[in-house]
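Everything on this sheet refers to the single structure shown next.
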Amino acid sequence: MLKKNVENKYWVKNFLYLFFFLIIIWLALTSTFQWEELIVGILISFLLALFLNKNYLKLGFPPLSIKRIAVSIVYFIVLFFEIIKANFDVAYRVIHPKMPIKPGIVVIKTGLKQDIAKMILANSITLTPGTFTLDIIEDKLLIHWINVKTEGLEEATKIIGERFEKYLKVIFA
Amino acid sequence: MELFGMIITGIGTIFLLIGNLGILRLPDVYNRIQAGTKCTTLGAFLTIIGVGIIQPAWFWKCLLIALFVLVTNPISSHAIARGSHKSGVPMCDRSVVDKSKEFEEYKATKATIKIVAFKEKK
Amino acid sequence: MSETIILIFSAIIALGIFLSFLRMLLGPTASDRAVAVDTITTTVVALLVLLGFVFKRYVYLDVSLVYSVLAFVGLVALARFLEKGI
């Protein structure tokens, strides 16, 4: 079993990335640098990385690389500004005495293939101004929109989905 | 540094209050989920990070809790919204469009516009 | 000094929890109550961290982490129940 996996060319690289990721989580959880704790953490991270690595590529994650991590960081910064905009938007609608809402359910389509990518897109849409995802059916997303601007498929896709999809397409190329 | 953390915690607190006010004020389930998800996610994130900045020894654990909230909160509200839409909870009478009838899964649901009145019944 | 200000912030958050609690009591359908519970759990996670700072107890952070995990699992189970029954 192990020998067959080693032949996969991504195996060693993935293993190292996972190992360092788990060690960072361990350090965040314990918040100490005593050597007993460090040794236990390294052991546990090693074993977990060994077990998780087998299922990692099956889940639909792409193999890790420096470029993908950099694009992900840019993506998170963009997402954070969108979240702040969304909050001021919702706060305005809630506090305004007449509540300027015009809700409705529209459909958009996505070009992403993997389930994980669709999940990240749906979560991002949930956190951005005025929209959240009701359901994912094949390559269509059902969106509840608090202030419907357009009902067409293409226009709605352009307004809601485009700004995240261009980053996600690079990450999950 | 402490003042900076205080300001961040204060902003987060105000967003949490607005989110909870939105839960009380907005007319139907879907709009309530909008307010509940967005405001409480950013509010909880900023509040927890602010405590981490005031007390630097706690920072990493606070960051872990904040990231966990940021990842799981949209998923749980998405699950609740999907469940309530499939079980036929109606939308409020201000709604303008419902395109979900195009799909097979939603043909059977009873959810249509203009059932619930905008004012709450006493 | 900073403890006092954080305590005032906790009072504001507690007021918010009260508002959601009203929705949980009033809510016309089961979904409204579920949404209110979802909001209350997220708010309580933030409140626990603030109280941990006021009382200088590190354990409260662990409590809030475990609470958020359990609330997530419970709400997903509740959503399955709303969809088609267990």
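Side chains included, hydrogens not; waters and symmetry mates left out as well; all remaining heavy atoms used.
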Enter the distance from [X]:[atom1] to [Y]:[atom2] here, rounded to the nearest 0.5 Å.
X: B/Arg32; Y: C/Ser31; atom1: CZ; atom2: OG; answer: 10.5 Å
X: B/Arg25; Y: C/Arg23; atom1: CZ; atom2: CZ; answer: 11.5 Å
X: C/Ile13; Y: B/Thr13; atom1: CD1; atom2: OG1; answer: 4.5 Å
X: B/Leu24; Y: C/Met24; atom1: CG; atom2: CE; answer: 13.0 Å
X: B/Leu16; Y: C/Phe9; atom1: CG; atom2: CZ; answer: 11.5 Å

Between [options], who has the most heavy-atom pairs with chain B when the cutoff is under 4.5 Å?
options: C/Val76, C/Thr29, C/Thr42, C/Ile40; result: C/Thr42
options: C/Ile6, C/Leu75, C/Asp32; result: C/Asp32
options: C/Val45, C/Val69, C/Ile8; result: C/Val69
options: C/Ser10, C/Ala36, C/Ala46, C/Ala30; result: C/Ala46

Can you check whether [X] reaches [Y] side chain to side chain, under 4.5 Å on heavy atoms?
X: B/Ile65; Y: C/Ser64; result: yes
X: B/Cys62; Y: C/Leu61; result: yes
X: C/Leu15; Y: B/Leu17; result: yes

Under 4.5 Å from any heavy atom of chain B, what part of [X] do you find: side chain, backbone, both or neither?
X: C/Tyr58; answer: both
X: C/Ile17; answer: backbone
X: C/Val73; answer: neither
X: C/Ile12; answer: both
X: C/Ser68; answer: both

field: Closest contact, heavy atoms only, B/Met6 versus C/Ile5
entry: SD-CG2, 4.0 Å
statement: For C/Arg57 and B/Trp58, the nearest pair of non-hydrogen atoms, with its separation, is O-CH2, 3.7 Å
- request: Below 4.5 Å from any heavy atom of chain C, which atoms of B/Val69 appear? Answer side chain, backbone, both or neither.
  value: side chain
message: With side-chain contact (heavy atoms from CB on, under 4.5 Å) as the test, pick out the partner of B/Ile23 among C/Leu22, C/Asp38, C/Thr39.
response: C/Thr39
- request: Output the option from B/Thr47, B/Asn20, B/Ile48 having the highest count of non-hydrogen pairs under 4.5 Å with chain C.
  value: B/Asn20
message: If we define contacts as heavy-atom pairs under 4.5 Å, which of B/Thr40, B/Ile14, B/Leu3 has the most with chain C?
response: B/Thr40
- request: Please check if atom CZ in C/Phe21 has more than 12 non-hydrogen atoms from other residues, nucleotides or ligands closer than 6.0 Å.
  value: no
